[in-house]
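Notes follow once the structure below has been shown.
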Amino acid sequence: MSVDDAHTIVQNALEGADESTPGLHDLRLADLNDTEREHAIRALGALHRLDGALAQRSGFVQIERPSQAHYGGEK
C-alpha cells in the first residue's frame, strides 16, 4: 500500500468517503455518554496526528480539525 493510499483511508475515516458515507467529523459528541465521548476524542486526536504524519510524505494536505462547536452539533 502506498503512503497516498494510506492517507486516503485516514482522510476518508475523518471526513467520509462521499456524501452518503459520513466520517468521524460528523459524529456528534454531545450524543455520546462520558466514556464514549472520551474514546471518540482520543480516536479523533490519534487520527488527526496520523493524518499530519502522512501529509509529510503523501501528495495530500492535512485535514483541518473541526471546531469544538462542530462536535457539539453546530455546523
Side-chain angles (χ1 to χ4, degrees):
M1 176 181 292
S2 74
V3 69
D4 283 351
D5 292 338
H7 202 182
T8 297
I9 291 169
V10 170
Q11 290 189 334
N12 286 346
L14 289 168
E15 291 193 317
D18 53 43
E19 289 184 19
S20 64
T21 307
L24 290 172
H25 284 175
D26 297 306
L27 184 64
R28 280 182 37 96
L29 297 180
D31 292 340
L32 305 177
N33 68 31
D34 290 342
T35 301
E36 295 162 346
R37 189 176 308 109
E38 180 181 327
H39 289 303
I41 290 169
R42 287 183 182 170
L44 284 160
L47 280 173
H48 275 285
R49 288 188 298 277
L50 178 55
D51 178 44
L54 289 168
Q56 294 177 8
R57 295 193 308 127
S58 78
F60 307 110
V61 297
Q62 183 175 355
I63 292 173
E64 188 174 323
R65 291 180 185 225
S67 68
Q68 196 66 16
H70 171 89
Y71 287 127
E74 300 173 29
K75 290 192 178 184

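Nothing fancy with the numbering, it's 1 onward along the sequence.
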Hydrophobic cluster identity match, L27 and I41, side-chain contacts under 4.5 Å: yes

With sequence neighbours left out, the residues meeting side-chain hydrogen bond (donor to acceptor under 3.5 Å, both in side chains) with E15 are none

Side-chain donor-acceptor pair under 3.5 Å between S20 and D18, yes or no? yes

Less than 3.5 Å apart, any donor N or O on the side chain of D5 or T8 sitting next to an acceptor on the other? no

Which word best sums up how the rings of H7 and F60 line up, parallel for under 30°, tilted for 30 to 60°, or perpendicular for over 60°?
perpendicular

[atom2] on [Y] to [atom1] on [X], rounded to 0.5 Å:
X	Y	atom1	atom2	answer
N12	I63	CG	CD1	8.0 Å
D34	H39	CG	NE2	11.0 Å
R42	R37	CZ	CZ	13.5 Å
L24	L44	CG	CG	5.5 Å

Evaluate the side-chain proximity of H48 to P66: yes if any heavy-atom separation is below 4.5 Å, no if none is. yes

Nearest heavy-atom approach of T35 to N33 is N-OD1, 3.0 Å

Of all heavy-atom pairs linking G59 and D4, the shortest is N-OD1, 2.7 Å

With no hydrogens and no angle check, is any side-chain donor or acceptor of [X] less than 3.5 Å from a backbone partner on [Y]?
X	Y	result
E36	D31	no
R49	G45	yes
S58	L54	yes

